[in-house]
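Data block below; observations after.
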Amino acid sequence: MIFKSHETVIVPDRGEMPVWSVDTDTQTVTHVHPKTFNTEEHRFFRDYIRYHLHFVEDTDPDRLQRLVDNGEIYQYLSELDTKVFEALDSQEELLKANSSEYQLELDKGDLNAVGAIGNALQQQAREMVFNTMIYSKRQPNPTPKEKSRGFQ
């Protein structure tokens, strides 16, 4: 689904275009500069951005529309991408550090077991992070306007 800002601009040879838009299927944010008519496209490639966009599209499409209308969608997705990536890495490292089974196999040098356990811990980290940051009704990073209205 494509969410388009209510604000539009008339672009020569292209007609009326929204200033901001986000395509939840291709994970693409498009911005048309109102003065120069230059178009910027930003694509997000990580799977969790797609999952989050579809989750918000299904559970709170008005919020997604507000982010687009306020011109905050690109910043929101960029920050989400960074925060989720860092949380996944941090959580995986914590799980590995606290897994006696992982540490034992690592000390023995059994790379097959280390890989298998590491993959399982990575999946565990994804589930934890996704449940709190991707599929949560609580917003992982409210916009400045939402913070001023009391959203957490």
Side-chain angles (χ1 to χ4, degrees), residues 1-7 17-34 38-152:
M1 177 180 254
I2 299 175
F3 288 81
K4 300 175 182 181
S5 64
H6 290 101
E7 183 182 358
M17 295 183 66
V19 174
W20 287 95
S21 66
V22 63
D23 185 330
T24 60
D25 293 323
T26 63
Q27 300 163 234
T28 305
V29 174
T30 305
H31 176 59
V32 179
H33 292 277
N38 291 335
T39 302
E40 291 179 20
E41 277 193 2
H42 303 280
R43 222 170 235 181
F44 294 88
F45 294 97
R46 292 195 169 77
D47 60 347
Y48 50 79
I49 296 295
R50 182 177 65 250
Y51 301 155
H52 183 70
L53 282 170
H54 286 292
F55 176 75
V56 176
E57 177 183 355
D58 291 341
T59 61
D60 193 1
D62 292 340
R63 181 169 195 276
L64 205 49
Q65 186 62 55
R66 278 193 310 274
L67 288 166
V68 172
D69 284 338
N70 294 338
E72 298 170 336
I73 188 67
Y74 176 71
Q75 180 181 351
Y76 172 79
L77 292 176
S78 292
E79 288 176 5
L80 181 67
D81 190 14
T82 300
K83 288 177 181 181
V84 171
F85 184 83
E86 289 171 355
L88 286 169
D89 186 52
S90 174
Q91 190 63 44
E92 184 180 345
E93 290 305 313
L94 280 171
L95 289 171
K96 286 178 180 178
N98 291 314
S99 171
S100 57
E101 187 180 6
Y102 180 83
Q103 295 301 322
L104 178 67
E105 297 302 332
L106 190 61
D107 291 343
K108 286 196 303 190
D110 185 346
L111 296 181
N112 286 330
V114 167
I117 297 167
N119 287 342
L121 294 173
Q122 184 180 51
Q123 267 313 114
Q124 232 181 334
R126 283 178 66 91
E127 284 181 34
M128 288 184 222
V129 170
F130 281 27
N131 285 337
T132 56
M133 297 180 80
I134 300 299
Y135 298 120
S136 174
K137 297 227 183 211
R138 187 185 133 270
Q139 303 308 322
N141 50 338
T143 66
K145 286 185 182 180
E146 290 174 331
K147 284 180 186 173
S148 70
R149 291 191 302 239
F151 284 91
Q152 295 300 321

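By convention here, the first residue in the shown sequence is residue 1. Computed from a predicted structure; not experimentally measured.
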(request) Applying side chain to side chain contact (heavy atoms under 4.5 Å, CB included), run through H6 and Q65 and close with a yes or a no. (result) CA-CA 9 Å; H6 290 101; Q65 186 62 55; 4.0 Å; yes
(message) Test side chain to side chain contact (heavy atoms under 4.5 Å, CB included) on F55 and D60; report intermediate values, then the result.
(response) CA-CA 8 Å; F55 176 75; D60 193 1; over 6 Å; no
(message) Before you tell me yes or no, could you show the steps for V129 and I134 under side chain to side chain contact (heavy atoms under 4.5 Å, CB included), namely the whole-Å CA-CA distance, both residues' side-chain angles and the distance that decides it to 0.1 Å?
(response) CA-CA 7 Å; V129 170; I134 300 299; 5.6 Å; no
(request) Could you please spell out the steps behind the side chain to side chain contact (heavy atoms under 4.5 Å, CB included) verdict for D25 and H54? (result) CA-CA 8 Å; D25 293 323; H54 286 292; 3.1 Å; yes
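Listed for the E7 side chain is no donor-acceptor partner under 3.5 Å among the backbone atoms of W20. Looking at T24, its side chain does come within 3.5 Å of a backbone N or O of M1 through a donor-acceptor pair. Under the 3.5 Å distance criterion, the side-chain polar atoms of Y102 are left unmatched by any main-chain donor or acceptor of A97. The backbone N or O of Y74 sits less than 3.5 Å from a side-chain atom of S78, completing a donor-acceptor pair. The main-chain N or O of E41 is never found under 3.5 Å from a side-chain atom of H31 such that the two would form a donor-acceptor pair.
In plain terms, the two heavy atoms of A87 and M133 that are nearest each other are CB-SD, 3.7 Å. Summarising the geometry of E92 relative to G118, their closest heavy-atom pair is OE2-O, 4.4 Å, with the distance given to 0.1 Å. For the residue pair L121 and S99, the shortest heavy atom distance occurs at CD1-CB, 4.0 Å. Smallest separation of non-hydrogen atoms from L88 and R126: CD2-CA, 3.6 Å.
For the side-chain hydrogen bond (donor to acceptor under 3.5 Å, both in side chains) criterion with R43, the lone passing option out of D23, T30, T28 is T28.
The CZ atom of F85 lies 9.0 Å from the OG1 atom of T82; values are rounded to the nearest 0.5 Å. Within the model, atoms NE2 of H42 and CD1 of I73 stand 12.0 Å from one another, a figure rounded to the nearest 0.5 Å. Note that CD1 of I2 is 7.0 Å distant from OG1 of T26, once rounded to the nearest 0.5 Å. With rounding to the nearest 0.5 angstrom, the CD atom of E93 is 10.5 Å from the CD atom of Q122. Atom CD1 of I117 is separated from atom CG of L106 by 9.5 Å, given to the nearest 0.5 angstrom. Here the CZ-NE2 distance, from F44 to H52, works out to 11.0 Å after rounding to the nearest 0.5 Å.
With a 6.0 Å radius and a threshold of 12 heavy atoms from other residues, nucleotides or ligands, Y135 has its OH atom above the threshold. Within a 6.0 Å radius of NZ in K96, other residues, nucleotides and ligands contribute more than 12 heavy atoms.
Here K108 pairs with E105 in a salt bridge; the nearest charged N to carboxylate O distance falls below 4.0 Å.
You'll find the side chain of M128 reaches within 4.5 Å of the side chain of L95, heavy atoms only.
Counting only N and O atoms by type, the side chains of N38 and H33 include no donor and acceptor under 3.5 Å apart. The closest side-chain donor-acceptor pair between Q123 and E127, if any, does not fall under 3.5 angstrom.
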